[in-house]
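Not measured: the values here are computed from a predicted model. First the proteins, then the strands, lettered A, B, ... as listed; each starts at 1.
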Protein chains: 2
Amino acid sequence: MNSTIKDVARKANVSIATVSRILNNKTGFSEKTKIKVLRAIEELGYQPNALARGLINKNTQTIGVLIPTVSNMFSYEILSGIEKHANDLGYSVIVCNTADDGERTINYLQVLSEKRVDGIIIVSEFIREEYYKILTDMNVPVVLVSSISFQFPIPYAKVDDRHAAFSATDYLIKKGHTKIAMIAGNTSDPIAGLPRIEGYRAAHHSHGLPVNDDFIIDCRTFTHTAGMEAMEEILQKKLDVTAIFASSDELAAGAMSVAYRKGIKIPDQLSIIGYDNTKLAEMLIPSLTTVAQPLYDMGIVAATMLFEMKETGEVTQTQSRIMNHCIVERETVRSLL
Amino acid sequence: MNSTIKDVARKANVSIATVSRILNNKTGFSEKTKIKVLRAIEELGYQPNALARGLINKNTQTIGVLIPTVSNMFSYEILSGIEKHANDLGYSVIVCNTADDGERTINYLQVLSEKRVDGIIIVSEFIREEYYKILTDMNVPVVLVSSISFQFPIPYAKVDDRHAAFSATDYLIKKGHTKIAMIAGNTSDPIAGLPRIEGYRAAHHSHGLPVNDDFIIDCRTFTHTAGMEAMEEILQKKLDVTAIFASSDELAAGAMSVAYRKGIKIPDQLSIIGYDNTKLAEMLIPSLTTVAQPLYDMGIVAATMLFEMKETGEVTQTQSRIMNHCIVERETVRSLL
DNA sequence: CATTCCAACGTAAACGTTTACGTTTTTTGC
DNA sequence: GCAAAAAACGTAAACGTTTACGTTGGAATG
């Protein structure tokens, strides 16, 4: 395994240039020498050194992926899509779990920069100015997944959150619900928080329904425990609701478990709809009706965009993609009609 | 960003050797030149090229992780532990989703070999001879997580599956259950399958209880749907059981959802205990009693072992680690006493 | 003041590739 | 059979680092 192209060349009685030509199937060698070289490679167990290759070719066949949380099924379905498509095209992916920590993120970007990755995909993360500076300095394609930057021109693949939240709320309303609480995740999050609240509001308006701000529960995160706390808040405040729209499946699951403990039957006494359609949604009992983001596909699409940009050399501009969402009807929403 | 150490040297009026010395804080330069060079680096936005470094230092500060399935929370809690510890020590991790596909796995190993990763962690995967050949040729540390090889001397970090399964079954028996089914996952899997069945058997024996082979359900995988099918089989066969031990949380979740649909109350009419203690276990309703593998810690420990091996240069031998398991009592097991 | 020593640097080779350019050999055309 | 063209191959520079070794100059020593 320590053998180099030089060893191969010596063993096959040719120059390293010829070996290189054969390895990269260029022209300029005869069939005879080709098999001679191939045999030498075989016998030595030679593996080309990707570092040396990358150094001279200025590409590493490697991309970096920044993901905030790991406990989150959400991120990993996306990652899985990215990894799949990258691998299909001969790229490796380096995962970086930013843990929503700015310092860490910057450090990761630095490392990815030093490692000369060919591109970067950033999953549901707000792009700070510091990040953007590093990214532009790197001069490689970048794409956002399930996120968007209003400040910087970075292409993205995401669903229309406002629209999706509208659909979810509209769905509940059409099932006869008029008193709908929203477990909103982080309301100060301009990407995954606010637009969904807007959608919730807009759906009410479109049906001529008032919205009661007390019905919108802010929990600064999208986790299971946050969902539990939100549900407890709803119960404690004795909000008079027949349905809940939760900003993530985990939030919904948390709410459901509290409801279960309090003896509230879902969907008989309370309907609930989630967001994301992670694997969790189908595993819950009862299984969770939810608005589906095509997470895996979003990963694929993001990777596709990235490599497209790399091909064309257009590091900054490519067409962003709004992915389709849809409602997956399961067992947690009851019709009041 | 295209600036090299040469540019820095020129700008600071020193040789590249001096710049290198400063970058790697070796000795042999004055404080004065240090700040001069540091300023030049700052102004140029210079980033050292990890490829060139790796080429000459023969290390890449990168490790590879092979994981079978992605849909599986299990794998990712481990990955998360690995990534955390690797990053803390200045390493990047390349993820490779083998998808239980031998071809793919070999291809991944080849790529990791070409990229000259400093070590490889393999998560719950059987080590074929072909893999092992590539691995030894690479001459880097390898460690297994949640797996073991009887054939090859590769250190591992895992729980004692037999013992853990024993504990789970024993727990049920001590709660007064005597008619216990086992949803066994893949029974022909010598690593995660058989030992757990042995544990199940041993617990029965230790209490003088007979085991009915019909009570052991083989479903060739550890997924949610497999759990559903297994539960349906149990019901269809009208097995007279009061409790179920499932070989994974997902299996348990699948079984629970079928039970729910059939109107079987858990734990009132049927107790169930899972395996793994993934996040799923606490999100289920009712929350799942399960035997916990310290997945995140297993990731950490595996990484620790890997880097230890790298330090000591002992590529093959290091102490394997049997991780502690424990029963996490939640809501799905009822005492019959 | 001459010698020694050491800190502070510079030079150049090495890591393992790719590739432009030059050289040799073979093929083609007449 | 010979010139020309094409194919096959070799040489060496380049990619961006690290580092062994050599050089310089000033401080310390006697």
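- Between the P atom of D/dA7 and the NZ atom of A/Lys32 lies a distance of 17 Å, rounded to the nearest Å.
- Among the protein residues, B/Ile16 comes within range of the nucleic acid bases, having at least one heavy atom under 4.0 Å from a base atom.
- Contact annotation: B/Ser30 does not reach the phosphate of C/dA7 (side-chain N/O to OP1 or OP2, under 4.0 Å).
- Legend: residues meeting side chain to side chain contact (heavy atoms under 4.5 Å, CB included) with B/Phe152, ordered by chain and number and at least two apart, are B/Ile127, B/Glu129, B/Tyr132, B/Ser149, B/Ile154.
- Distances shorter than 4.0 Å separate none of the side-chain N or O atoms of B/Thr4 from OP1 or OP2 on D/dG16.
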Self-check item: Step-by-step side-chain contact (heavy atoms from CB on, under 4.5 Å) determination, A/Ser147 to A/Ile122
Solution: CA-CA 8 Å; A/Ser147 179; A/Ile122 303 181; over 6 Å; no
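- We find that CG of B/Asn2 is positioned 18 Å from P of D/dA14, with the value rounded to whole Å.
- Considering only the side chain of A/Lys26, C/dT19 comes nearest among D/dT18, D/dG16, C/dT19.
- At D/dA8, none of the side-chain N or O atoms of A/Thr33 fall inside 4.0 Å of OP1 or OP2 (strictly under the cut-off).
- Here B/Asn24 reaches the OP1 or OP2 of D/dT18: one of its side-chain N or O atoms lies under 4.0 Å away.
- Nearer the 5' end of DNA chain C, as judged by each residue's closest nucleotide, is the contact made by B/Ala17, out of B/Ala17 and B/Lys58.
- For A/Ile22 and C/dT19, the CD1 to P distance is 15 Å, given to the nearest whole Å.
- In the set C/dT17, C/dC9, D/dG16, the nucleotide with an atom closest to the side chain of B/Phe29 is C/dC9.
- Across C/dC9, D/dT17, D/dG10, the shortest atom-to-atom separation from the side chain of B/Ile56 is found for D/dT17.
- For A/Phe126 and A/Tyr131, the ring centers sit 6.0 Å or farther from each other.
- For A/Thr27, no side-chain nitrogen or oxygen approaches OP1 or OP2 of D/dA8 to under 4.0 Å.
- Atom CG of B/Leu23 is separated from atom P of D/dG16 by 15 Å (rounded to the nearest Å).
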Quiz prompt | Derivation and outcome, ring-ring contact (aromatic ring centres under 6.0 Å, His included), residues B/Tyr91 and B/Phe307 | solution = CA-CA 10 Å; B/Tyr91 284 79; B/Phe307 294 128; 4.3 Å; yes
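- Atom-to-atom, CG of A/Leu55 to C1' of D/dC15 comes out at 4 Å; the value is rounded to the nearest Å.
- The interatomic distance linking B/Asn13 (CG) with C/dG10 (C1') rounds to 13 Å, in whole Å.
- In this structure, B/Ser20 reaches the D/dT18 phosphate: one of its side-chain N or O atoms is under 4.0 Å from OP1 or OP2.
- Contact annotation: A/Arg53 does not reach the phosphate of C/dG16 (side-chain N/O to OP1 or OP2, under 4.0 Å).
- Taking atom CD1 on B/Ile5 and atom C1' on C/dT11, their separation rounds to 14 Å, with Å as the unit.
- Looking at A/Ile67 and A/Leu79, their side chains come closer than 4.5 Å, going by heavy atoms from C-beta outward.
- When the side-chain nitrogen and oxygen atoms of B/Thr18 are compared with OP1 and OP2 of C/dA8, none of them lie within a distance under 4.0 Å.
- At whole-Å resolution of the value, CD in B/Glu114 and P in C/dG16 are 15 Å apart.
- Between D/dA20, C/dT18, C/dC15, one nucleotide has an atom nearer to the side chain of B/Arg21 than all others, and that is D/dA20.
- Between B/Tyr76 and A/Tyr76, the ring-plane angle classifies as parallel under the 30° and 60° cut-offs.
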